A.B. asks: 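This is the structure, below, for whatever I ask next.
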Amino acid sequence: MNHLLSPSILTADFANLQRDIDMLNQSEGDWIHVDVMDGVFVPNISFGFAVIKAIKKYAQKPLDVHLMIVDPDRYLEEFKSAGADGITVHYEACMHLNRTVNKIKELGCRAGVAINPHTPVAVLDDIIEDLDMVLIMSVNPGFGAQKFIPNTYKKIADLKKLSATRNPDVYIEIDGGVDESNAAKLISTGANVLVAGNAVFSAADPKNAISRLKHIS
Ligand code: DX5
Ligand code: ZN
């Protein structure tokens, strides 16, 4: 399967958000990655419903919403009505993950679970069949433009093993420090969705950077 690319809006120019969304619409990116941070689960605050609704108004691609917030259950409906097409919650932030995942699916969204760099893939053993996507954090969540953690490759291999017979179609998304230096190896190890913030928006030509990341193999 060809990999998908989910450019992260976190690194966009918020004073020119409509311009950057237009660029993403015209690009070869597949989804738009939307990072929500609450200042509690991660040491940073990004944006909330009003901004997601504004993004949705112009976006012509599915919104891949990554919730870095504690107790996400409280807000799932609101994220759905703000425009989320996929909702990813953190394993570390959910007391009753099975319930949360089912709720996301009931809302008609693709259900993803994210794991932090120190969280082993094995914790997903009893939920892997229920997931549409696993997001492996390849940096500690909270900020864009951080350095990629190489142990990610081992985790992708672990996840490939875990999902091989029990959920072979699960999306394996990698988030943090993805760029042209590691994308090919991530894909050959088994990733099929790449998030890229800094590698896209700090490039001289972001649309071209998306194209290069999309065609890398
Ligand atoms: C980090 C976020 C990422 C971030 C990736 O906490 O979850 O989605 O936007 O940005 P880069 O690609 O710059 O590491
Ligand atoms: Zn993210």
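Basis for what follows: all heavy atoms, side chains included, without hydrogens, waters or symmetry-related copies. Not measured: the values here are computed from a predicted model. For ligands, and for the atoms within them, numbers begin at 1 and follow the listed sequence.
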A.B. asks: Looking only at heavy atoms, what is the nearest atom pair of Leu76 and Val89, with distance?
C.D. replies: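 Residues Leu76 and Val89, closest heavy atoms: CD2-CG1, 4.5 Å.
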A.B. asks: Give the atoms of ligand 1, by number and element, whose distance to some non-hydrogen atom of Ala196 is under 4.0 Å.
C.D. replies: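 Checking each atom against Ala196, I get 12 (O).
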A.B. asks: For ligand 1, which atoms, with element, lie under 4.0 Å from some heavy atom of Pro141?
C.D. replies: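 It comes down to these atoms of ligand 1: 6 (O).
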A.B. asks: Evaluate Thr11 for polar contact with ligand 1, using N/O atom pairs at a separation under 3.5 Å.
C.D. replies: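 Between Thr11 and ligand 1 (N or O atoms, distance only) the closest approach is not under 3.5 Å.
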A.B. asks: Numbering the atoms of ligand 1 from 1, which are under 4.0 Å from a heavy atom of Leu10?
C.D. replies: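 Those of ligand 1 that fall under 4.0 Å from Leu10 are 9 (O).
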A.B. asks: Strictly distance-based, threshold 3.5 Å: is any side-chain N or O of Glu92 a donor or acceptor partner for the main-chain N or O of Asn116?
C.D. replies: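 Flag set: sc Glu92 to bb Asn116 pair under 3.5 Å.
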A.B. asks: Show me which atoms of ligand 1 lie under 4.0 Å from any heavy atom of Asp175.
C.D. replies: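 Atoms satisfying the 4.0 Å criterion: 2 (C), 3 (C), 4 (C), 5 (C), 7 (O), 8 (O).
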A.B. asks: Give me the nearest non-hydrogen protein atom to atom 6 (O) of ligand 1 as residue plus atom name, then the distance to 0.1 Å.
C.D. replies: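 For atom 6 (O) of ligand 1, the nearest protein heavy atom is Gly142 N, 2.7 Å.
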A.B. asks: Under 3.5 Å between some N or O of ligand 1 and some N or O of Met68?
C.D. replies: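 Met68 vs ligand 1: no N/O contact under 3.5 Å.
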A.B. asks: Taking just the N, O or S atoms of His66, which one is nearest to the Zn ion (ligand 2)?
C.D. replies: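 Atom name returned: ND1.
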A.B. asks: Around Lys56, counting heavy atoms of other residues, nucleotides and ligands shown, do more than 12 lie under 6.0 Å from its NZ?
C.D. replies: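 Result for NZ/Lys56: enclosed.
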A.B. asks: Output yes when Lys61 and Asp85 qualify as a salt bridge under the 4.0 Å nitrogen-oxygen rule, no when they do not.
C.D. replies: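 Here Lys61 does not pair with Asp85 in a salt bridge, since their nearest N and O are not under 4.0 Å apart.
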A.B. asks: Any atom of ligand 1 sitting under 4.0 Å from a heavy atom of Ala199?
C.D. replies: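 Outside the 4.0 Å threshold, so no.
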A.B. asks: With a 4.0 Å cut-off, would you call Asp205 and Arg212 a salt bridge?
C.D. replies: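 Answer for the salt bridge query: no.
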A.B. asks: How far is atom 1 (C) of ligand 1 from its nearest protein heavy atom, and which residue and atom name does that atom have?
C.D. replies: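 Answer, as residue, atom name and distance: Phe143 O, 3.5 Å.
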A.B. asks: Quick check on the hydrophobic clustering: are Val40 and Met137 connected, directly or via other members, by side-chain heavy-atom contacts under 4.5 Å?
C.D. replies: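 Shared cluster, no.
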A.B. asks: Among all protein heavy atoms, pick out the one at the shortest distance from atom 12 (O) of ligand 1; state its residue, atom name and that distance to 0.1 Å.
C.D. replies: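 Closest protein heavy atom to atom 12 (O) of ligand 1: Gly197 N, 2.8 Å.
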A.B. asks: Output the list of atoms in ligand 1 that are nearer than 4.0 Å to some heavy atom of Gly176, sorted by atom number.
C.D. replies: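 Listed by number with element: 14 (O).
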A.B. asks: Does any N/O atom on Met37 come nearer than 3.5 Å to any N/O atom on ligand 1?
C.D. replies: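 N/O-N/O distance under 3.5 Å: no.
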A.B. asks: Under 4.0 Å from any heavy atom of His66, which atoms of ligand 1 are there?
C.D. replies: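 Contacts of ligand 1 toward His66, numbered from 1: 7 (O).
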A.B. asks: Can you tell me which residue and heavy atom of the protein come closest to atom 14 (O) of ligand 1, and the distance to 0.1 Å?
C.D. replies: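 Result for atom 14 (O) of ligand 1: Gly177 N, 2.8 Å.
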A.B. asks: Would Lys147 and Asp179 count as a salt bridge (Lys or Arg N to Asp or Glu O under 4.0 Å) if you check the C-alpha gap in whole Å, the side-chain angles of each, and the deciding distance to 0.1 Å?
C.D. replies: CA-CA 10 Å; Lys147 201 167 166 284; Asp179 60 23; over 6 Å; no
A.B. asks: Would one find more than 12 heavy atoms of other residues, nucleotides or ligands at under 6.0 Å from atom CZ of Phe148?
C.D. replies: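 Enclosed.
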A.B. asks: Checking His215 against Glu28: is there a side-chain donor and acceptor pair closer than 3.5 Å?
C.D. replies: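 His215 and Glu28 do have a side-chain donor-acceptor pair below 3.5 Å.
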A.B. asks: Run the numbers for me: atoms of ligand 1, each under 4.0 Å from some heavy atom of Gly144, listed by number.
C.D. replies: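 Contacts of ligand 1 toward Gly144, numbered from 1: 10 (O), 13 (O).
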A.B. asks: Check the pair Thr100 / Asp73 against side-chain hydrogen bond (donor to acceptor under 3.5 Å, both in side chains), numbers first and verdict last.
C.D. replies: CA-CA 6 Å; Thr100 308; Asp73 304 62; 2.7 Å; yes
A.B. asks: Could you tell me whether some N/O pair between Asn140 and ligand 1 is separated by less than 3.5 angstrom?
C.D. replies: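 Looking only at distances, the answer is no, because the N/O contact criterion of under 3.5 Å is not met.
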A.B. asks: Could you identify the N, O or S atom of His33 positioned closest to the Zn ion (ligand 2)?
C.D. replies: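 Looking at His33, the N, O or S atom with the least distance to the Zn ion (ligand 2) is NE2.
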A.B. asks: Heavy-atom count check: over 12 atoms from other residues, nucleotides or ligands less than 6.0 Å from Phe143 CZ?
C.D. replies: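 For Phe143, atom CZ is crowded (more than 12 foreign heavy atoms under 6.0 Å).
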A.B. asks: What angle, in degrees and rounded to 10°, do you get at the Zn ion (ligand 2) when you join it to OD2 of Asp175 and to OD1 of Asp35?
C.D. replies: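 Taking the Zn ion (ligand 2) as the apex, I get 170° for this pair.
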A.B. asks: Look at Asp13 together with Arg19 and state whether they make a salt bridge at an N to O cut-off of under 4.0 Å.
C.D. replies: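 Yes, Asp13 and Arg19 are salt-bridged.
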A.B. asks: With heavy-atom distances below 4.0 Å as the criterion, list the atoms of ligand 1 near Asp35.
C.D. replies: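 Contacts of ligand 1 toward Asp35, numbered from 1: 2 (C), 3 (C), 4 (C), 7 (O), 8 (O), 9 (O).
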